[in-house]
Amino acid sequence: SQMTTSNQLFGNDNANWIYENGLYPRLTGMDDSDLAVLHAAPIFLNGDETVASVFSDFNVSVLPENIGWLSSNATEGLTVTIAQIAADGLKGVSFEGTGSFNLTAALGSASRTVNLRIPYVFEITSAAQLARLSYILSDDVEWNNDGYQWVDANGDLLEDGHLVPPYAFDTYFKLMNDISLAAICGEGVGNWQPIGYDGFMGHFNGNGHTISDLYINDEESANQALFGGVDDGSISNLTVEGSVKAESYVAGICVYLNNNGTLTNCHNAVALSAYSEYSYAGGVCVENYGTISNCSNSAHLEAFNVGGVCQENRGRIDHCYNAGTIEGSYIGGICPQNYNGATISNCYNVGTLIGNNEDSEVNGITHNSWSASITDCFNAGTLSGGSVYGIGYGYDGSYFTNCYNTGALFGDEYVAAICNSAEDGGGSGPSKGNNNVTNCFYDKQICTATDADATGLLTSEMTSGNSIFGAGNSNWVYTENFY
């Protein structure tokens, strides 16, 4: 839909393109050929569906010149229907079953074909099915190239059911209702075994539901969460509640997010604590090499090195927040470790962050940010510890852009309203070289710490309803008498 509006995708001054609502842009002077017209007609899939994962009926365009659409090569058992619908210039494509089919558009002598896949979705309605998923993806089960049998809601094997492949590769799961794990794990019952301990490569849609009563209490084991590693897979639309206590590497949703893995719309309400002296914890995940978006934490977290969303970021974190109380030695309200090109954007912390020793370093958004960027973020939580920084602590050319702090800061050693010193001084604490602090502000009536690289404003100035980050920045909403 974004590519088929009449808006100037390539800019108002570029006359090489013709724009029509409901069609892809066409090149001027080449826009009337059958091939150009044909390729301008889009397939309108729903939401974030792709041609590799279609779950709902969709529309295709017959404009601008009565393009014909045909289906072919459908998987046995899959039926596809194409019919005119009331809306002008559209036909509806509906289907029953799963598999794949070809969709061909034709105009004159020109044609183009797209292959679409409708995956089978394993619907999870019980704790027994969730435990089955954990079991078949564990080290306790020998590799089976044919896949593993699924179970019904009672946990009984389905002899003729679809098979789950190793690592649940490219397989889809959907939670159909809230589930309690109390019968599977708990004090006197045993510990939950993370799903995909060696890697989950499927797609788990929580469908807006909650998994409650997650329980792990094992001071000798690390890498503990609902899921183990998510490797090129995804988890979405899920809330998890419970308690996880382990040696180290503890999280609510998953331990590792690798490669192109994604966590979207996930919320952690699992209380986390780690036993070892130098332990690691993250509310949503521990280590991120993928993308975490629209995720949050509201639980109490405690570890040596701990973050509200994740502990180490080498990918992207966007539109996330922490509202939970966090205790530890190295704390980031969002993520303490932000490395080498990683980004944190449009995030905030409103939780209370507590350094539990005199050498602790407590940061509203991130702790060690190495050549990484923090953009459009804010802290409104109260921070206390040894050294305290309203947004973060940067090394070697990190970028802090369009950020603000309205939280009270209490530090025993170094304190800065936004971040540690840039190379030429400013802020408080040792310089770590060439930090770039741009367009950052703090409420100097609430945060009494100073920062020469940022601007201190009165509460009335920060809540005037006027833009403090510039009229061209659409990431912020300004309302009079509110930050």
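Since the structure is predicted, the reported quantities are computational estimates derived from the model, not experimental observations. Quick note: residue numbers are just sequence positions, from 1.
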**OP:** Using the salt bridge (Lys or Arg N to Asp or Glu O under 4.0 Å) rule, collect all pairs that involve residues 275-303, keeping only residues at least two apart or in two chains.
**Re:**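 Listed by first then second residue: nothing to list.
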Restricting to ring pair (Phe, Tyr, Trp, His ring centres under 6.0 Å), what partner residues turn up for [X], sequence neighbours left out?
X: Phe227; value: Phe200, Phe204
X: Phe410; value: none
X: His209; value: none

Original post:
Are side-chain N/O atoms of Thr125 and Asn177 paired as donor and acceptor at under 3.5 Å?
Top reply: no
**OP:** Kindly write out the residues that satisfy salt bridge (charged side-chain N to carboxylate O under 4.0 Å, His left out) with Arg132, not counting sequence neighbours, or none if the list is empty.
**Re:** none
**OP:** Could you list the residues that satisfy side chain to side chain contact (heavy atoms under 4.5 Å, CB included) with Asn217, not counting sequence neighbours?
**Re:** Asn191, Tyr215, Lys245, Tyr275
Please name all residues satisfying side chain to side chain donor-acceptor pair (under 3.5 Å) with [X], sequence neighbours left out, ordered by chain then number.
X: Asn363; value: His367
X: Gln224; value: none
X: Asp412; value: none
X: Ser298; value: His267

In a table with atom names and distances, give each donor-acceptor pair under 3.5 Å that connects a side chain of residues 325-333 to protein atoms at least two apart or in another chain.
from   : atom 1 : to     : atom 2 : distance (Å)
Glu327 : OE2    : His300 : NE2    : 2.8
Ser329 : OG     : Asn357 : ND2    : 2.7

Could you go through residues 464-471 and list every donor-acceptor pair under 3.5 Å that involves a side-chain atom there, pairing it with any protein atom two or more places apart or in another chain?
from   : atom 1 : to     : atom 2 : distance (Å)
Ser464 : OG     : Glu461 : O      : 3.4
Ser464 : OG     : Asn466 : N      : 3.2
Ser464 : OG     : Asn466 : ND2    : 3.4
Ser467 : OG     : Phe469 : N      : 3.4
Ser467 : OG     : Gly470 : N      : 2.8
Ser467 : OG     : Gly470 : O      : 3.0
Ser467 : OG     : Tyr478 : OH     : 3.4

Original post:
Side chains of Phe304 and Val306: does their closest heavy-atom pair fall under 4.5 Å?
Top reply: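 They are not in contact (no side-chain heavy atoms under 4.5 Å apart), so the answer is no.
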